[in-house]
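Heads up: the structure comes next, in structure tokens.
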Amino acid sequence: MKKILFSAYSLDIGGIETALVTLINYLIKKEYEITLVLEKKQGIFLNEIDSKVKIIEYSPSYNKNKIIAKAKNAIKRAKFILKYKNKFDCGISYATYSLPGSFIARQASKNNVLWVHSEYLLICKNDEEAYKNCFNRVNADKFKKIVFVSNTSKSNFCRIMKCDKDKLSTINNLIDDKSIMDKSNEYVDDVKKENICTFLFVGRHTEEDKKVSRLLEAANMLKKDNMNFRILIIGQGKNTGEYKEYVKKNGLKNEVIFLGNKKNPYPYYKISDCLVLTSEYEGFPVVYTEAMVLKLPIITTNVSDSEEIINNRFGIVTEKSVGSIYTAMKKFISQPFIISEIFDAELYNKRIQNSLEDIINS
């Protein structure tokens, strides 16, 4: 039985965490032995991981005394090397930005993989030197393979870092379509299906990337046009208070409904008419495939591979502006987008599974 180690930060709610749980639970069914190393052994998804997965915590010291912190971390590294050095057939650093995660995956196996979930060029505000520093910090050049969740992200890395193209792959996130379908039938009583155009947002409330303010400003414009609609917002984060204050200030409490974090968001997909994504940047949004499985049309800003995957097939791609999002939503209210093809989850997953097998067994 082949042994795989994953390193990650935690299992709190988020797209990356959802994708990780789906991936690990798929691999455990294929009779791989899985060890998951978390910087923080916490999160709502801990109970979603298959019980056969070994979960351990590797938490670096952040002592204010740098000498003490350095000494403690040196001891931790030494202990990890003694116990786990090259004991796995594959080591995967799943939290791209994590320095401890990078160390853990590279020590665990010579067949090591860095997983890149977002568009780091945009995170670095198109500063190529900052981009290089970001990947040099986690020793990207020392990994045998680097996996990206979108072609856009891979292309930028290839151009800027000038590395061996053969070590780069694009693998989208696996989707557990059967589980999503089953969970979508769960009864919820905090909001009901109504005869009103209902938009859905699912994601963290972090303005720098998710740009929920664009959605709220578009809602304000729609209300001024006397449009009949509502927006369900699932998630929370550091900017939740600001968003709620905007809704209160502009009298949008009947149009915008904050639902908080939901371990199971899928019943709300069935209540809604359209998923809206307003991000400035993304890796490959898990919400895309969730909506595709549940046959929910999508309005999204032009992030990741949206032009290739979403536009005119599963939804509409807009510019990264309030005006463009508002126009798309207004048109949808009066003339809903009709999905033009059936999403084949089995074929989608099969392609990913084949790529995974190649990575693990290389």
Side-chain angles (χ1 to χ4, degrees), residues 184 188-203 205 207 210-235 240 242-260 262 265-280 282 285-304 306-307 309-343:
S184 72
V188 293
D189 58 8
D190 52 350
V191 65
K192 302 289 185 182
K193 179 80 173 176
E194 293 183 12
N195 188 27
I196 182 174
C197 186
T198 300
F199 296 99
L200 174 68
F201 173 87
V202 181
H205 296 179
E207 183 63 16
K210 301 301 182 182
K211 294 289 183 186
V212 183
S213 63
R214 290 171 174 163
L215 179 60
L216 300 182
E217 289 177 42
N220 198 27
M221 294 168 71
L222 290 170
K223 182 174 182 179
K224 289 177 180 178
D225 289 342
N226 295 314
M227 303 301 291
N228 191 26
F229 72 99
R230 65 177 177 172
I231 300 172
L232 308 181
I233 295 184
I234 292 177
T240 301
E242 297 169 31
Y243 299 149
K244 287 184 175 180
E245 183 60 30
Y246 181 92
V247 167
K248 181 181 178 181
K249 181 179 177 181
N250 290 279
L252 292 167
K253 66 177 183 178
N254 293 326
E255 287 77 22
V256 179
I257 303 168
F258 291 93
L259 298 171
K262 297 290 182 183
Y266 306 121
Y268 302 93
Y269 281 71
K270 294 189 77 172
I271 289 169
S272 304
D273 299 294
C274 179
L275 177 79
V276 183
L277 196 77
T278 55
S279 299
E280 183 66 18
E282 290 279 352
V286 171
V287 292
Y288 279 176
T289 44
E290 292 173 342
M292 288 152 67
V293 165
L294 294 171
K295 299 180 175 61
L296 186 68
I298 300 165
I299 293 175
T300 176
T301 46
N302 189 6
V303 292
S304 186
S306 57
E307 285 281 7
I309 295 169
I310 303 301
N311 207 22
N312 298 321
R313 298 170 64 203
F314 299 101
I316 303 162
V317 177
T318 76
E319 296 175 6
K320 296 173 184 177
S321 70
V322 173
S324 186
I325 295 164
Y326 153 76
T327 300
M329 292 174 72
K330 185 174 182 178
K331 182 178 180 181
F332 188 93
I333 292 169
S334 58
Q335 186 181 346
F337 179 86
I338 306 299
I339 294 173
S340 64
E341 63 181 79
I342 296 172
F343 175 58

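Atoms considered below: every heavy atom in the structure, side chains included; atoms not considered: hydrogens, waters and symmetry mates.
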Answer yes or no: is there a side-chain heavy-atom contact under 4.5 Å between [X] and [Y]?
X	Y	answer
F337	I299	no
T278	E217	no
P336	D273	no
F199	L215	no

So, for [X] and [Y], which heavy atoms are closest and what is the spacing to 0.1 Å?
X	Y	value
A219	F229	O-CZ, 3.4 Å
C197	I333	SG-CG1, 3.9 Å
N311	E307	ND2-OE1, 3.1 Å
V303	T300	CG2-OG1, 4.0 Å
F332	P297	CE1-CB, 3.9 Å
R214	V322	CA-CG2, 3.9 Å

Inter- and intrachain pairs under side-chain hydrogen bond (donor to acceptor under 3.5 Å, both in side chains), touching residues 191-203, at least two apart | Y187-K192, T198-R230

Please list all pairs passing the side-chain hydrogen bond (donor to acceptor under 3.5 Å, both in side chains) test where one or both residues lie in residues 312-323, with sequence neighbours left out.
-> R313-E341

Measure up the F343 and F314 rings against each other and bin them: parallel (under 30°), tilted (30 to 60°), perpendicular (over 60°).
-> perpendicular

Output, in order, the C-alpha distance, side-chain angles, deciding distance and verdict of side-chain contact (heavy atoms from CB on, under 4.5 Å) for F201 and V287.
-> CA-CA 9 Å; F201 173 87; V287 292; over 6 Å; no

Once rounded to the nearest 0.5 Å, what's the spacing between atom [atom1] of [X] and atom [atom2] of [Y]?
X	Y	atom1	atom2	answer
S279	K211	OG	NZ	10.0 Å
L222	I325	CG	CD1	11.0 Å
I233	Y243	CD1	OH	9.0 Å
I316	S306	CD1	OG	12.5 Å
C274	I231	SG	CD1	10.0 Å
I339	I298	CD1	CD1	7.0 Å

Using only heavy-atom distances, determine whether the side chains of S304 and Y288 contain a donor-acceptor pair under 3.5 Å.
-> no

D225 vs Y326, side-chain contact (heavy atoms from CB on, under 4.5 Å): CA-CA, chis, key distance, verdict | CA-CA 11 Å; D225 289 342; Y326 153 76; 2.3 Å; yes

Throw together a table of side-chain donor-acceptor distances under 3.5 angstrom for residues 249-258, partners on residues two or more places apart or in other chains.
unit_1	atom_1	unit_2	atom_2	d
N250	OD1	N220	ND2	3.3
N250	ND2	Y246	O	2.9

Please lay out, stage by stage, how L296 and Y268 fare under the test side-chain contact (heavy atoms from CB on, under 4.5 Å).
-> CA-CA 11 Å; L296 186 68; Y268 302 93; over 6 Å; no

Considering residues at least two apart in sequence or located in another chain, which fulfil the salt bridge (Lys or Arg N to Asp or Glu O under 4.0 Å) criterion with E207?
-> none

Does K331 have any salt bridge (Lys or Arg N to Asp or Glu O under 4.0 Å) partners at least two apart in sequence or in another chain, and if so, which?
-> none

Selection residues 289-302 - residue pairs positive for salt bridge (Lys or Arg N to Asp or Glu O under 4.0 Å), sequence neighbours left out = none

